[in-house]
Amino acid sequence: MLVYQVTGIINFAQGEFVMLGALGFAILREGGMPGLLAATVAIGATVLGGLLVERLCLAPARQATEIRLIILTIGAAITIQGLALVIFGTDPHFAPTFSSGPPISIGGAVILTQYLWVFGATALAVVALWFFLTRTMTGRAMRAVAMNKAAARSVGISPSRMSMLAFMLAAALGSIGGVVLAPLQAPDAGIGIALGLKGFTAAVIGGLHSPAGAVVGGLSIGIVESLAAGFLPSGYKDAVTFGILFLVLLLRPQGLLRSVQEARV
Amino acid sequence: MKQLVREVFPYVVFAGALLVVPAIFTRVPFFTMSTAVQMAIMAIATLGLVVLMGYAGQISIGQAAFFGIGAFSSAILTTQGGLSPIIALVAGMVLAGGVAYVVGLGIFRVSGHYLALATIAFGLMLGYIARQLDITGGASGIFGVPNLAIGQVAFRTDLSFYYLAAAILFICVVLVRNLLRSLFGRSLLALGNSEIAASSSGINTAKHKRTTFVIAAVLAALAGSLQAHWITFVDYHTLDLLLSIQILIMASVGGVATVWGAPVGAFLVIALSQAAKETLPEIFPNIGGQFEIVVYGMALLLVLLFLPQGVAGSLQRRRSRRAPTSETVEEVSV
């Protein structure tokens, strides 16, 4: 989503960043590395991956049409997934939860402690991102590039460097998500596509232009999915998710697309 | 006379290439006749996307949905409806065309990234539904789809099926190529280059996009039906996102500026992935799953970065730089 804001590209490789973070973390933990170090290495490696994707695939094609850029990120996504399959195979890997201890009961609902870590990490990421984008010079420069590339360049901001930064940041955020999720859902090399698509669905429903929107979108998908599970056999859960995405795109494109169309005129 | 030769020449080359495939594929490593059948089927599906992407300038990452509609129509109508395979095949194409028309009424309100996501969502939704419904065989799929037969001639072996699929591919290429050189094709090209300019010169862009979407869907359904009758089995994997991506990759690798991109792309991509399937496991012991997608991804990236016109597009461009033909117009689009 961040990448979309800065570069105008929907990054289909985002889910693969989550996969890399989760898989890297789980494999290192299985190898006996302490948690904090394993997380740092996994996130660092993914950020490097993000940098490579941007430099090797997207930077050379800066002038390409929108369709080609979409296809390029898809190419990057399946190359990453394919490489992960070649190197790690399809076996899922397991990471222990961050904090041991029994599930906590809050107001009658029982929650695994790992979920608290997930909530905490999400909240922290949203706040940090907000702070970065609105309160720091670099973050403001990044938003300037998103708004108007030529104008940003004329005041001395390098769009190319910002796009690079955006990809690294997106990879970092994705892999943090992967690391906190790893103990909940044993990651294998193939989880990226599904996670990425769910992420998009959340982002599109919540609105592509605000970080908080993605969180709202994610939550509303979760709610609708569990509601649907009450009426339909549980196997339809995913069909419902993507049905919603499809309908939102079809029925409310003007609402979601507003700023995109403005940019085009 | 010269004009006629120039018109017919590409078809002769193409027909010749299709005819020598059996002779070559039975003699070299990696390739078998079933690879050749797969190539021909995928080339038909890719052809639709070439029209949609290369001419109308619209993306679809949901072609597997229509491939699947064709495959499941064939499977259900023949095993449960008792219809002949030919009728089931045509019914599948009609159904896919109808669905594409209805979806096309809404889906082209969006474009670019949103269109890509909408087509993905549509394809995934159908895939998850097919996995649940009884009529599509749920998770286990439908077995025992009969082979195609025309009159008394049944296409059972890989070789005979190859000739059938190759003949159908040839007919489709001729039809689509002629269509693209008609007023309709030129309108599409204008649409793909600049939607605003096209609509201001009186082209009904919404209708043209929809028609193209229907054409792409019908071709994908035809390919899906053929595959169902060939492997005599269909399950929800037919609607997989990976298939949509494969079709997209074949189109991009071959090049979407010309109909020849479809067969070239299908050939190259399937040949590469076949080679990867045989060689990579020996090097990487941990390998697993559909690892050959790494080849798809790399082929896609390399072609997009170094041959933006695709392989067929680049070849054609080199040729026409020497002798400009009527086809130069076709190459304007990307």
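All chains are named by letter (A, B, ...) in the order of the sequence lines, taking the proteins before the strands, and each is independently numbered beginning at 1.
Residue contact with chain A, scored on non-hydrogen atoms closer than 4.5 Å, involves the side chain of B:Ile249 exclusively. Of the two parts of B:Ile61, only the side chain, counted from C-beta on, holds a non-hydrogen atom closer than 4.5 Å to a non-hydrogen atom of chain A. Heavy-atom distances place no part of B:Leu115 under 4.5 Å from chain A, backbone and side chain included.
For the set B:Ala116, B:Ala121, B:Gly123, the entry with the most heavy-atom pairs within less than 4.5 Å of chain A is B:Ala121. Between chain B and the residues A:Ile78, A:Ile80, A:Leu83, the most heavy-atom pairs under 4.5 angstrom are made by A:Ile78.
With sequence neighbours excluded, no residue forms a ring-ring contact (aromatic ring centres under 6.0 Å, His included) with B:Phe67. Applying the ring-ring contact (aromatic ring centres under 6.0 Å, His included) criterion to B:Phe213, with sequence neighbours excluded, gives B:Phe66, B:Phe108.
Of the residues B:Ile245, B:Val303, B:Leu301, B:Leu300, the one that meets the side chain to side chain contact (heavy atoms under 4.5 Å, CB included) test with A:Ile71 is B:Leu300.
Here the CD1 atom belonging to B:Ile59 is positioned 5.5 Å from the CD1 atom belonging to A:Ile74, to the nearest 0.5 angstrom.
Closest approach of B:Met298 to A:Thr79, counting heavy atoms only: N-OG1, 3.5 Å.
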